[in-house]
Amino acid sequence: RLRDATQRRLVMNQLNLFLSLFNVGDTVEAHPACDCWMAGDRFGKVTKIGTKYVHVQMFVSGKIRRFAPENLLPKGEK
């Protein structure tokens, strides 16, 4: 039990670290492995940061998509 709680705490700390990389209003790029990136909907603006996901309004389609933070890149990072 203790091991499970420790692992959960570690995962949540890693998730919070990923989420702290983004701010509302930042321009981001979807990871190239995402379907929307392959369809040409690559860049967007962060509209909301939840407890597990980052919500991004895409520039091309105008849709608000929900991404896990590890599937986003700050604009210009390769």
Side-chain angles (χ1 to χ4, degrees):
R1 275 275 184 217
L2 179 60
R3 184 174 173 201
D4 291 339
T6 304
Q7 286 176 341
R8 269 188 253 123
R9 198 173 309 118
L10 178 63
V11 168
M12 290 307 294
N13 286 339
Q14 289 174 340
L15 182 62
N16 289 335
L17 178 64
F18 275 126
L19 288 171
S20 69
L21 296 173
F22 302 102
N23 295 313
V24 174
D26 286 352
T27 299
V28 293
E29 180 180 3
H31 190 277
C34 296
D35 289 340
C36 64
W37 191 92
M38 293 181 206
D41 208 10
R42 298 178 180 181
F43 296 98
K45 187 168 285 206
V46 175
T47 57
K48 179 181 171 185
I49 300 173
T51 57
K52 289 185 179 180
Y53 298 104
V54 178
H55 299 257
V56 178
Q57 184 168 13
M58 306 308 286
F59 291 147
V60 174
S61 68
K63 292 180 180 178
I64 295 179
R65 296 183 184 269
R66 190 175 62 176
F67 291 94
E70 58 268 18
N71 289 331
L72 288 174
L73 304 169
K75 186 174 178 186
E77 187 178 312
K78 297 278 178 185

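When a residue number appears, it is its place in the shown sequence, counting from 1.
The shortest side-chain heavy-atom distance between Val56 and Leu72 falls under the 4.5 Å cut-off. Within the 4.5 Å cutoff, the side chain of Thr47 has no heavy atoms near those of the Val24 side chain. Within the 4.5 Å cutoff, the side chain of Phe59 has heavy atoms near those of the Thr27 side chain.
Listed by first and then second residue, the side-chain hydrogen bond (donor to acceptor under 3.5 Å, both in side chains) pairs that reach into residues 30-40 are Glu29-Trp37, sequence neighbours excluded. Residue pairs satisfying the salt bridge (Lys or Arg N to Asp or Glu O under 4.0 Å) criterion with at least one member in residues 40-63, sequence neighbours excluded, are listed as follows: Asp41-Arg65.
In terms of heavy-atom proximity, Phe67 sits nearest to Cys34 at CE2-SG, 4.1 Å. Minimum interatomic distance between Gly50 and Leu19 (heavy atoms only, all atoms of both residues): O-CD1, 3.6 Å.
When Leu21, Ile49, Leu15, Val28 are each tested for a side chain to side chain contact (heavy atoms under 4.5 Å, CB included) with Pro69, only one passes: Leu15.
Tracing side-chain contacts under 4.5 Å through hydrophobic residues (I, L, V, M, F, W, Y), one reaches Met58 starting from Phe22; they form part of the same cluster.
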